[in-house]
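Worth saying up front: this structure is predicted, and the values here are computed from it rather than measured.
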Amino acid sequence: MNFVVAVDGSAAADRALDHALTMLEPLGATVTVVHAVEPQVLVEGGEEPVAGVARTGDRIVAESLEDAESRAERVLQAAAERAADAGVEATAELLYGDPVEAIPAYADEADADGIFVGHRGLSKRYEGLVGSVAKELVERASCPVTVVR
């Protein structure tokens, strides 16, 4: 049995990884930790998303592909080490593109038995603007998806 665990360095992803390791270690299952690289455009400062480009001013910061890959490699390495420490055989895969497309596609290609993903519990307003990766994975994946809060 092989399961996919989506990681992004967030506390929600850490909880999903911990839950997966707890569930899968007794089964002798393997884990593939995945992270989808999609360079981000970040808006710095403030709690709420901006209403439009005209209101962002100098708050926009674009992440380079190299920085996104470097960040992803650190996240994947840390997750794989945590899995090994828990006694679960783990591999890591760096994916490219939108996580809601890349992760289910990878799970299909790898014939995964399931996906574990964290849910951040963002406000409905913010989630309405940017969407929820966890919810989209549930909709798109052809294998079972466990969403961990």
Side-chain angles (χ1 to χ4, degrees), residues 1-24 29-53 56 59-86 88-149:
M1 297 179 79
N2 182 49
F3 291 82
V4 170
V5 180
V7 295
D8 62 4
S10 68
D14 288 345
R15 288 190 302 274
L17 178 59
D18 289 342
H19 182 69
L21 297 174
T22 299
M23 299 294 294
L24 302 178
T30 60
V31 168
T32 303
V33 290
V34 299
H35 180 84
V37 170
E38 183 179 45
Q40 300 175 1
V41 175
L42 306 171
V43 178
E44 294 183 330
E47 293 293 316
E48 292 294 317
V50 292
V53 176
T56 59
R59 294 174 48 202
I60 293 180
V61 178
E63 180 180 39
S64 73
L65 179 60
E66 293 79 21
D67 288 345
E69 287 173 330
S70 192
R71 177 177 45 85
E73 290 293 344
R74 288 190 304 274
V75 167
L76 288 170
Q77 181 179 357
E81 288 172 2
R82 286 178 64 190
D85 290 345
V88 176
E89 182 182 332
T91 57
E93 286 292 331
L94 180 60
L95 309 176
Y96 289 87
D98 186 342
V100 301
E101 295 172 5
I103 294 169
Y106 176 80
D108 283 344
E109 290 171 21
D111 198 26
D113 295 295
I115 300 170
F116 287 82
V117 62
H119 187 273
R120 293 182 183 180
L122 301 173
S123 72
K124 289 192 184 278
R125 179 177 177 211
Y126 188 76
E127 197 173 274
L129 290 171
V130 299
S132 166
V133 171
K135 286 180 181 178
E136 287 293 322
L137 289 179
V138 169
E139 293 288 324
R140 295 175 183 237
S142 60
C143 62
V145 177
T146 301
V147 179
V148 180
R149 285 194 75 125

Between [X] and [Y], do the side chains contain an N or O donor and an N or O acceptor separated by less than 3.5 Å?
{"X": "Asp67", "Y": "Ser70", "value": "no"}
{"X": "Glu69", "Y": "Tyr96", "value": "yes"}
{"X": "Gln77", "Y": "Glu73", "value": "no"}

Can you tell me how far apart [atom1] ([X]) and [atom2] ([Y]) are? Round to the nearest 0.5 Å.
{"X": "Thr146", "Y": "His119", "atom1": "OG1", "atom2": "NE2", "result": "14.0 Å"}
{"X": "His35", "Y": "Leu76", "atom1": "NE2", "atom2": "CG", "result": "7.0 Å"}
{"X": "Thr91", "Y": "Glu93", "atom1": "OG1", "atom2": "CD", "result": "6.0 Å"}
{"X": "His19", "Y": "Arg149", "atom1": "NE2", "atom2": "CZ", "result": "14.0 Å"}
{"X": "Met1", "Y": "Asp111", "atom1": "CE", "atom2": "CG", "result": "11.5 Å"}
{"X": "Ile103", "Y": "Asp98", "atom1": "CD1", "atom2": "CG", "result": "9.0 Å"}

Show every donor-acceptor pair shorter than 3.5 Å between a side-chain atom in residues 2-14 and any protein atom, with sequence neighbours excluded, or say none if there are none.
{"unit_1": "Asn2", "atom_1": "OD1", "unit_2": "Thr30", "atom_2": "OG1", "d": "2.9"}
{"unit_1": "Asn2", "atom_1": "OD1", "unit_2": "Thr32", "atom_2": "OG1", "d": "3.4"}
{"unit_1": "Asn2", "atom_1": "ND2", "unit_2": "Thr32", "atom_2": "OG1", "d": "3.4"}
{"unit_1": "Asp8", "atom_1": "OD1", "unit_2": "Ser10", "atom_2": "N", "d": "2.9"}
{"unit_1": "Asp8", "atom_1": "OD1", "unit_2": "Ser10", "atom_2": "OG", "d": "2.6"}
{"unit_1": "Asp8", "atom_1": "OD2", "unit_2": "Arg120", "atom_2": "NH2", "d": "2.6"}
{"unit_1": "Ser10", "atom_1": "OG", "unit_2": "Ala13", "atom_2": "N", "d": "3.1"}
{"unit_1": "Asp14", "atom_1": "OD1", "unit_2": "Arg82", "atom_2": "NH1", "d": "3.1"}

Just so I know, are the side chains of [X] and [Y] near enough to count as touching, which here means a heavy-atom distance under 4.5 Å?
{"X": "Leu137", "Y": "Pro104", "result": "yes"}
{"X": "Val148", "Y": "Val117", "result": "no"}
{"X": "Cys143", "Y": "Asp113", "result": "no"}

Requested in this report: Please report the C-alpha distance between Leu95 and Val37 in whole Å, then the side-chain angles of each, then the deciding distance to 0.1 Å, and finally whether the side-chain contact (heavy atoms from CB on, under 4.5 Å) criterion is met.
Outcome: CA-CA 6 Å; Leu95 309 176; Val37 170; over 6 Å; no

Report task. Apply side-chain contact (heavy atoms from CB on, under 4.5 Å) to Val138 and list each qualifying residue two or more places apart in sequence or on a separate chain. Result ->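 Listed in chain order: Val145, Val147.
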
**Report entry** side-chain contact (heavy atoms from CB on, under 4.5 Å) between Val31 and Phe116, intermediate numbers included
**Finding:** CA-CA 10 Å; Val31 168; Phe116 287 82; over 6 Å; no

Query raised in the report: At their closest point, which heavy atom of Gly118 faces which heavy atom of Ala16, and how far apart are they?
Result: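 Distance-wise, the nearest heavy atoms are N-CB, 3.4 Å.
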
Requested in this report: Compare every heavy atom of Ala36 with every heavy atom of Gly97, then report the nearest pair and how far apart it is.
Outcome: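 That would be O-CB, 3.5 Å.
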
